[in-house]
Amino acid sequence: MKNYELLFVLKPTLTEEETAKHIENIQNVITSNGGEISATDKIGVRDLAYEVQKNKRGNYTIIYFKSEGSAIKEIERNLRINEEVIRFLTVKYENKKEQAQWDKFVSEVK
């Protein structure tokens, strides 16, 4: 299993309950595809670098997880069809230096 970081931005118009529900749904997609969630960092609402889908702000969340590479396509497919997700980015940590950085991030978030 490889280490991954998933950053996604939800629409800022969602309530706290709706945001929590969407984060939980994304975590469920990860775990149902054989992934193990190590940490979740709910950063909150921040300004976007540029306007996306008429939104100037977004609710940022980062999920650190371990998974097989084959599960990433399904996770990203679910993010694409979710209308509340403005943008997302999946990063894979491969070599020892990157994995050490991933471990550092996870320990800081926990």
Side-chain angles (χ1 to χ4, degrees):
M1 293 176 85
K2 298 201 184 308
N3 297 331
Y4 291 93
E5 172 185 321
L6 173 63
L7 167 82
F8 58 93
V9 183
L10 295 170
K11 291 182 178 176
T13 55
L14 298 174
T15 64
E16 288 184 31
E17 294 83 21
E18 291 172 327
T19 301
K21 180 183 167 216
H22 283 289
I23 292 170
E24 184 180 333
N25 288 343
I26 293 168
Q27 289 174 332
N28 289 338
V29 170
I30 292 170
T31 55
S32 67
N33 285 291
E36 300 172 12
I37 296 175
S38 300
T40 302
D41 187 7
K42 298 172 187 169
I43 298 171
V45 178
R46 292 189 164 198
D47 290 334
L48 297 170
Y50 52 90
E51 194 171 303
V52 179
Q53 298 175 5
K54 298 185 181 178
N55 292 296
K56 294 181 180 181
R57 298 174 61 82
N59 196 333
Y60 286 74
T61 304
I62 301 174
I63 299 176
Y64 298 95
F65 65 99
K66 294 181 180 184
S67 179
E68 297 296 330
S70 58
I72 301 303
K73 283 187 179 181
E74 180 64 19
I75 295 166
E76 289 184 349
R77 185 188 72 80
N78 278 280
L79 288 166
R80 274 190 205 94
I81 61 175
N82 186 339
E83 293 180 3
E84 304 303 328
V85 176
I86 299 173
R87 287 280 190 264
F88 66 90
L89 175 69
T90 307
V91 179
K92 177 170 64 170
Y93 292 85
E94 289 187 273
N95 61 38
K96 289 182 182 181
K97 186 176 181 180
E98 291 174 345
Q99 288 181 359
Q101 189 68 31
W102 186 87
D103 291 335
K104 180 182 172 191
F105 290 146
V106 170
S107 65
E108 287 176 1
V109 172
K110 284 186 177 181

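Numbering starts at 1 and runs along the sequence shown. Values below: all heavy atoms of this structure, side chains included; hydrogens, waters and symmetry mates excluded. Values in this document were obtained by computation on a predicted structure and should not be read as measured data.
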- [ ] Can you measure from CD (Glu83) to CD1 (Ile81) and round to the nearest 0.5 angstrom?
- [x] 9.5 Å
Open item on the list: If I take atom CD1 from residue Ile75 and atom CD1 from residue Ile63, how far apart are they, to the nearest 0.5 angstrom?
Closed with: 9.0 Å
Open item on the list: Taking Val91 as the starting point, is it possible to reach Ile43 by hopping between hydrophobic residues whose side chains are less than 4.5 Å apart?
Closed with: yes
Task: Single-linkage hydrophobic cluster Leu79~Leu48, side-chain heavy atoms < 4.5 angstrom - done: no
TODO: For Tyr4, enumerate each residue passing the ring-ring contact (aromatic ring centres under 6.0 Å, His included) test, keeping only those at least two apart in sequence or located in another chain.
DONE: Phe65
- [ ] Drop me the distance from Ile37's CD1 to Asn28's CG, to the nearest 0.5 angstrom.
- [x] 7.5 Å
Which side-chain N or O atoms in residues 19-26 pair as donor and acceptor under 3.5 Å with protein atoms at least two apart or in another chain?
from: Thr19; atom 1: OG1; to: Thr15; atom 2: O; distance (Å): 2.9
from: His22; atom 1: ND1; to: Asn82; atom 2: ND2; distance (Å): 3.3
from: Asn25; atom 1: ND2; to: Lys21; atom 2: O; distance (Å): 3.4

Task: Phe8-Val45 co-clustered via ILVMFWY side chain contacts under 4.5 Å - done: no
TODO: Rounded to the nearest 0.5 Å, what's the gap from OG1 on Thr13 to CD on Glu84? Could you check?
DONE: 6.5 Å
- [ ] Report the C-alpha separation of Leu10 and Val85 in whole Å, then their side-chain angles, then the decisive distance to 0.1 Å, and conclude whether the side-chain contact (heavy atoms from CB on, under 4.5 Å) test is met.
- [x] CA-CA 5 Å; Leu10 295 170; Val85 176; 3.7 Å; yes
Open item on the list: Rounded at 0.5 Å granularity, tell me how far CD1 in Ile30 sits from CD in Glu36.
Closed with: 11.5 Å
Per-pair distances, 0.1 Å, donor-acceptor, side chain in residues 50-62, under 3.5 Å, sequence neighbours excluded:
from: Asn55; atom 1: ND2; to: Val52; atom 2: O; distance (Å): 3.4
from: Asn55; atom 1: ND2; to: Gln53; atom 2: O; distance (Å): 3.2
from: Arg57; atom 1: NH1; to: Asp47; atom 2: OD1; distance (Å): 2.6

Task: Heavy-atom closest contact (Thr90 atom, Glu76 atom, distance) - done: OG1-OE2, 2.9 Å
TODO: With Lys2 as reference, evaluate Lys66, Lys92, Glu68 under the side chain to side chain contact (heavy atoms under 4.5 Å, CB included) test and give the passing residue.
DONE: Lys92
